[in-house]
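This one's a predicted model, so the numbers in the text were calculated from it and none came from an experiment.
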Amino acid sequence: MVVSWTAHRFAGGVLALDTANTVVLRDDPRGFDRFDEAVEIARFAEAACRFRREELGGRRLSVTDPQIARPLVLEIREATDSLFRGAVLEGRYRDGALPRLLRACAAGLDGRDDLGAGQRPFGEQSTPLAFEAALAVSALSLLSAGAGRLRVCPNCGWLFLDKSRNSSRLWCDMAVCGNRQKAKRHYRRRLSVQEGLANA
Ligand SMILES: [Zn+2]
């Protein structure tokens, strides 16, 4: 099935988290992986050039061969999810999570000499950057920023960065998860009113 890479699927706030969120309902039997088909990695990277333009400093991403890139992309993705999910939910890095992420990022950056420093960590715009290298830069930037603004959406379990001024964002995407919760609450309220009437 072809994935439609909409703005909602970039609700994570940074490339590394958007990528972590390509697994839907993680740890749930109904869950699935939007990168099951390797070609989706290339399509995701294409969409990320638009949705993460600011983070990437306008640099484009490239996926030369999605099949070849896939194992490393998935390893960086899973290492990212495990480390930051542990940081939010358990207040610590899970055992082995930090060396795993650093190793995965090192592999993503191996042989790249086209990255930048300071204000342009993703390097110059003139040439595209390999997706796995961009993922590594995004994850490492997040690591150095600390987990203070990281959240896990209580509805869908996605990781996201709370960029709101007063750090009060609850949902990955108010228009999707916030509304679903509101609808559920409304439904439960109606149900209890009906039960109340039936028991009266
Ligand atoms: Zn959500």
Examine L98 and V88 and state if one hydrophobic cluster contains both, with Ile, Leu, Val, Met, Phe, Trp and Tyr joined whenever side-chain heavy atoms are less than 4.5 Å apart.
yes

Heavy-atom nearest pair, L72 first then E132, reads CD2-CG, 4.1 Å

Report the distance from atom CG of L17 to atom CG of L161, rounding to the nearest 0.5 Å.
6.5 Å

Side chains of L129 and L115 in contact at under 4.5 Å (non-hydrogen atoms)
yes

For A11 against R169, the heavy-atom pair lying closest together
O-NH2, 3.3 Å

More than 12 heavy atoms of other groups within 6.0 Å of R92 CZ
yes

Where R70 and A38 come nearest, the two heavy atoms and their spacing
CD-CB, 3.8 Å

Is there a side-chain contact between V2 and R43 in this structure, where contact means two heavy atoms from C-beta onward sitting under 4.5 Å apart?
yes

Quick one: does any side-chain atom of E55 pair with a main-chain N or O of S138 as donor and acceptor, under 3.5 Å?
no

Stepwise side-chain contact (heavy atoms from CB on, under 4.5 Å) check, R85 with L159
CA-CA 7 Å; R85 195 170 292 275; L159 282 162; 4.0 Å; yes

Exceeds 12 heavy-atom contacts within 6.0 angstrom, atom CG of D27
no

Give, for atom OG of S62 and atom CZ of R60, the distance between the pair rounded to the nearest 0.5 Å.
10.0 Å

Taking all non-hydrogen atoms of both residues, which atom of L109 and which atom of A136 are closest, and how far apart?
CG-CB, 3.7 Å

Euclidean distance, L150 CG relative to F160 CZ, rounded to 0.5 Å:
9.5 Å

Given side-chain contact (heavy atoms from CB on, under 4.5 Å), test R100 with R94 step by step and report yes or no.
CA-CA 10 Å; R100 181 188 176 191; R94 291 168 178 165; over 6 Å; no

Heavy-atom pair with the smallest gap, counting every atom of S167 and D162
C-OD2, 2.9 Å

Note, F84 side chain near L143 side chain (heavy atom, < 4.5 Å):
yes

With heavy-atom distances below 4.5 Å as the criterion, would you say the side chains of R120 and Q125 are in contact?
yes

Neighbour count >12 (heavy atoms, 6.0 Å) for atom CD, Q67
no

Side chains of E40 and P66: closer than 4.5 Å at any heavy-atom pair?
no

Report the C-alpha distance between V24 and R34 in whole Å, list the side-chain angles of each, state the deciding distance to 0.1 Å, and finish with yes or no for side-chain contact (heavy atoms from CB on, under 4.5 Å).
CA-CA 7 Å; V24 177; R34 290 203 163 106; 3.2 Å; yes

Side chains of T19 and T80: closer than 4.5 Å at any heavy-atom pair?
no

According to a 4.5 Å side-chain heavy-atom criterion applied to Ile, Leu, Val, Met, Phe, Trp and Tyr, with indirect links allowed, do V3 and V176 form part of one hydrophobic cluster?
no

Are the side chain of W158 and the backbone of N21 linked by a donor-acceptor contact shorter than 3.5 Å?
yes

Is the distance from the ring center of F10 to that of F44 below 6.0 Å?
yes

Where is the tightest heavy-atom contact between L89 and V152, given as atom of each residue plus distance?
CD2-CG2, 4.0 Å

Reported SG-to-CG distance for the pair C172 and N155, which is rounded to 0.5 angstrom
7.5 Å

Any donor-acceptor N or O pair under 3.5 Å, side chains T22, R77
yes

Going through the checks in order, is the side-chain contact (heavy atoms from CB on, under 4.5 Å) test met by F35 and V73?
CA-CA 10 Å; F35 284 174; V73 165; 4.1 Å; yes

Euclidean distance, F122 CZ relative to R52 CZ, rounded to 0.5 Å:
10.5 Å

Compare all side-chain heavy atoms of I41 with those of F131 and state whether any distance is below 4.5 angstrom.
yes

Between V23 and E78, is there a side-chain heavy-atom distance shorter than 4.5 Å?
yes

Any sub-3.5 Å donor-acceptor pair from R9's side-chain atoms to S4's backbone N or O?
yes

Could you tell me the separation between the CG atom of L101 and the CG atom of D81, rounded to the nearest 0.5 Å?
11.0 Å

